[in-house]
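Each chain gets a letter, A, B and so on, in the order the sequences are listed, and its residues count up from 1. All heavy atoms count here, side chains included; hydrogens, waters and symmetry mates do not.
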Amino acid sequence: SRWEEEKKEDGVKWMQLEHRGPYFVPLYEPLPEDVQFYYDGKPLKLSLATEEIATFYAKMLDHEYTTKEIFQNNFFHDWRKEMTSEEQEIIKDLDKCDFREIHKYFVDKNEARKALPKEEKQKLKEEADKIQEEYGYCILDGHREKIGNFKTEPPGLFRGRGEHPKMGMLKKRIMPEDVVINCSRDSKIPEPPEGHKWKEVRFDNTVTWLASWTENIQNTLKYIMLNPSSKLKGEKDWQKYEVARRLKDVVHTIRAQYRKDWKSKELKKRQRAVALYFIDKLALRAGNEKEEGETADTVGCCSLRVEHIQLHPQLDGQEHVVEFDFLGKDSIRYYNKVSVEKPVFKNLQLFMKNKDPTEDLFDQLSTTFLNKHLQHLMDGLTAKVFRTYNASITLQEQLKALTNPEDNVAGKLLSYNRANRAVAILCNHQRSIPKTFAKSMQVLQEKIDAKKKQVEEAQEEVKKAEDEFKDTQDAKAEDNVEKKKKLLKRLEEQLAKLNIQATDKEENKQIALGTSKLNYLDPRISVAWCKKFGIPIERIYNKTQREKFAWAIDMAGEDFEF
DNA sequence: GCGTGCGACTCAGAAAGTTATCG
DNA sequence: GCGATAACTTTCTGAGTCGCACG
């Protein structure tokens with residue numbers, strides 16, 4: 001297929017890479033003289049560095065998390081470290097700090113920017129476009145490719161997800177001296193900003209990143225990489241789905257194997273087999289171990305603790321029910337009650353016996369051990385492949401089951417969304433209910449009611465016209481009947497469309513469809529579905545998505561099978 | 001060997017920004 | 001046709017997975 005002709009040596013990702021380096025966010029601009037910080041009720045002029053950090057906090061005053069003790073303590077600790085000794089002498093209590101004037105200054109500034117005249121906004125946009133044009137692209141093997149994130153992250157206060165122990169810590173400004181540049185030896189090497197140097201320039205074509213730096217909160221690397229529309233990323237994406245398709249061929253064998261292993265004499269094997277069952281059936285993530293105290297307390301399959309499940313021999317008329325309740329990736333809650341096969345239930349009872357709630361459910365198991373086993377079952381198989389496989393196969397099955405060829409485009413799109421939704425539910429992709437949800441739902445309902453009324457009126461009009469025609473039998477009255485019927489039909493269609501909209505909206509209020517669409521669903525399934533039912537591809541993929549999935553749009557015919 | 005830390009990559013939802021829609 | 005608002009899109013950057021080097 002399309003990429004096979006230019007196979008590279010193992011591990012080599014490119015032959016040529018040229019770019020401008022990262023775009024550095026603007027330096028701090030001091031506050032105007034009349035915007036003041038107050039300590040213990042009295043104005044206090046801060047040093048530049050101290051003031052900058054104060055503005056980070058001031059900007060966040062509206063956020064609920066600035067009220068959290070951990071956030072405040074982390075912030076105050078890091079802030080004090082950057083103060084002059086004089087400032088340290090004075091500023092000893094965060095409660096005596098008054099950032100409100102600074103806060104107001106930024107709120108006003110924001111509004112002023114929004115209220116700018118059209119021409120001014122246009123000018124700003126052109127400036128942004130120019131930066132994008134200059135820094136937003138690279139040359140990779142002769143092709144101009146879009147970069148995903150070409151700007152350094154601005155300094156600020158760290159806010160992790162959930163109950164993160166490091167929330168409020170100071171995220172430092174990235175300087176050229178922190179940045180490692182990666183490009184090809186013979187390319188035009190990016191110039192560091194005036195008066196600065198790069199930390200390092202290297203020429204490593206076994207990696208895909210263009211620049212990297214170490215962030216100071218978790219002490220981990222951050223990268224500048226290509227946009228999903230790039231050939232490099234697209235090829236990788238395609239590979240991912242090909243691995244998942246290979247799993248389809250062997251999944252039955254693997255399922256038979258883990259069923260057998262439920263009865264293994266080795267406890268470790270049993271744990272692996274039960275964990276794999278969860279990963280397969282419930283699309284759980286692998287669940288690597290994490291360093292305690294460094295991140296929020298979240299788990300995946302292998303790191304589940306006894307406290308995260310409850311066993312019910314009987315529940316709501318079902319047998320062997322496992323009740324899951326834990327925080328997964330991004331501290332999103334996973335709550336599910338699942339009826340499992342009896343040996344699984346018995347094994348879980350065994351694994352939980354004589355354990356504290358805080359102990360590991362699968363105490364013998366690690367993701368490394370699990371993945372070694374999977375690798376042995378199929379080349380390239382890891383825990384996450386099950387998520388991709390089950391997501392994609394579910395979409396395909398749901399589309400088959402839900403699409404009614406008789407439906408109009410809106411009806412078919414509802415079916416598509418429902419199939420997509422089934423996957424999002426499987427993968428537990430949630431979002432917070434939009435703030436305006438209740439209100440906009442009410443508005444929609446009112447529209448529906450109004451439309452219903454119109455339909456009823458139109459029905460009566462039709463009847464009246466028909467009666468008149470019966471009486472008069474003249475051509476004009478006949479025309480009128482047709483006219484009224486046409487109107488009725490149009491109104492009925494509008495009503496149906498509104499009802500579909502309302503259904504879709506309600507079903508979707510807490511479900512995030514984007515993640516599965518972008519990362520788990522083989523796009524060729526969707527492309528094939530569109531072709532088969534004559535749905536324009538633009539109706540399911542926007543411009544960005546079409547760019548990312550160009551390979552699939554190119555490749556898949558209407559008879560593509562995952 | 002083998003566990004452990006780290007590097008490189010994918011995946012994640014919130015928030016900001018832009019466009020479409022509606023009265 | 002205009003302004004408010006909702007819907008959609010883009011940006012942002014944190015949080016996972018997983019392989020491998022290293023001691």
If only side-chain N and O atoms of [X] are considered, is one of them under 4.0 Å from the OP1 or OP2 phosphate oxygen of [N]?
| X | N | answer |
| --- | --- | --- |
| A:Q218 | C:dA15 | yes |
| A:Y520 | B:dA12 | yes |
| A:S366 | B:dG3 | no |
| A:H429 | B:dC11 | no |
| A:K329 | C:dG14 | no |
| A:K290 | C:dG16 | yes |

Looking across every strand, which nucleic acid part, if any, lies under 4.0 Å from [X] by heavy atom: base, sugar-phosphate, or nothing?
| X | result |
| --- | --- |
| A:G514 | nothing |
| A:T208 | sugar-phosphate |
| A:P154 | sugar-phosphate |
| A:G300 | nothing |
| A:K240 | sugar-phosphate |
| A:E215 | nothing |

Query - Earlier contact from the 5' end, DNA chain B, for A:Y223 and A:R431 - result: A:Y223
Requested in this report: Identify, between A:L518 and A:H63, the residue whose nearest nucleotide on DNA chain B lies closer to the 5' end.
Outcome: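 It is A:L518 whose nearest nucleotide is closer to the 5' end.
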Please tell me whether [X] and [Y] have a donor and an acceptor in their side chains that are separated by less than 3.5 angstrom.
| X | Y | result |
| --- | --- | --- |
| A:N205 | A:S184 | no |
| A:N219 | A:E215 | no |
| A:E289 | A:S303 | no |
| A:K290 | A:T298 | yes |
| A:Y416 | A:S526 | yes |

Query raised in the report: Is the NZ or CZ atom of A:R546 positioned over A:Y541's six-membered ring, under 6.0 angstrom from the centre and within 45° of the axis?
Result: no
Report task. By nearest nucleotide on DNA chain C, pick out whichever of A:R285 and A:T152 is the more 5' one. Result ->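 So the residue in question is A:T152.
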Query raised in the report: Considering heavy-atom distances to DNA chain C, does A:N542 or A:K222 have its closest nucleotide positioned more toward the 5' end?
Result: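 Going by which nucleotide is closer to the 5' end, it is A:N542.
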Can you tell me how far [atom2] of [N] sits from [atom1] of [X], to the nearest Å?
| X | N | atom1 | atom2 | value |
| --- | --- | --- | --- | --- |
| A:E292 | B:dT4 | CD | P | 15 Å |
| A:I332 | B:dA12 | CD1 | C1' | 8 Å |
| A:L370 | B:dG3 | CG | C1' | 17 Å |
| A:L232 | B:dA8 | CG | C1' | 12 Å |
| A:I433 | B:dA14 | CD1 | C1' | 15 Å |
| A:N519 | B:dC9 | CG | C1' | 12 Å |
| A:I217 | C:dG14 | CD1 | P | 8 Å |
| A:W213 | C:dG14 | CH2 | P | 10 Å |

Query - Base-pairing mate for C:dG1 - Watson-Crick or G-U, with both contacts under 3.5 Å - result: none
Report summary line: Ranking B:dA8, C:dA15, B:dT10 by distance to the side chain of A:W209, first place goes to B:dA8
Query raised in the report: Counting side-chain heavy atoms from C-beta on, which of B:dT10, B:dG13, C:dT13 comes nearest to A:A512?
Result: B:dG13
Would you mind checking if [Y] and [X] are paired as a salt bridge, meaning a charged N to carboxylate O distance below 4.0 Å?
| X | Y | result |
| --- | --- | --- |
| A:K231 | A:E235 | no |
| A:E242 | A:R524 | yes |
| A:K268 | A:E266 | no |

For nucleotides 18-23 of chain C, give me every protein contact, N/O to N/O, under 3.5 Å, one pair per line with atom names.
unit_1 : atom_1 : unit_2 : atom_2 : d
C:dC18 : OP1    : A:T382 : OG1    : 2.7
C:dC18 : OP1    : A:A383 : N      : 3.3
C:dC18 : OP1    : A:K384 : N      : 2.8
C:dC18 : OP2    : A:N371 : ND2    : 3.1

For nucleotides 17-23 of chain B, tabulate all protein N/O to nucleotide N/O atom pairs closer than 3.5 Å, reporting atom names and distance.
unit_1 : atom_1 : unit_2 : atom_2 : d
B:dG17 : OP2    : A:R113 : NH2    : 3.4

Query - Parallel, tilted or perpendicular: ring planes of A:F71 versus A:Y57, cut at 30 and 60 degrees - result: tilted
Requested in this report: Kindly assign one of parallel, tilted or perpendicular to the pair A:H63 and A:Y65, based on the angle between their ring planes and the thresholds 30° and 60°.
Outcome: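 Judged by the thresholds at 30° and 60°, the geometry between A:H63 and A:Y65 is parallel.
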Query raised in the report: Would you say the base of C:dG14 and the side-chain of A:R159 have a donor-acceptor pair closer than 3.5 Å?
Result: no
Requested in this report: Please identify each residue that fulfils salt bridge (charged side-chain N to carboxylate O under 4.0 Å, His left out) with A:K372, with sequence neighbours left out.
Outcome: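 Not a single residue meets the salt bridge (charged side-chain N to carboxylate O under 4.0 Å, His left out) criterion with A:K372.
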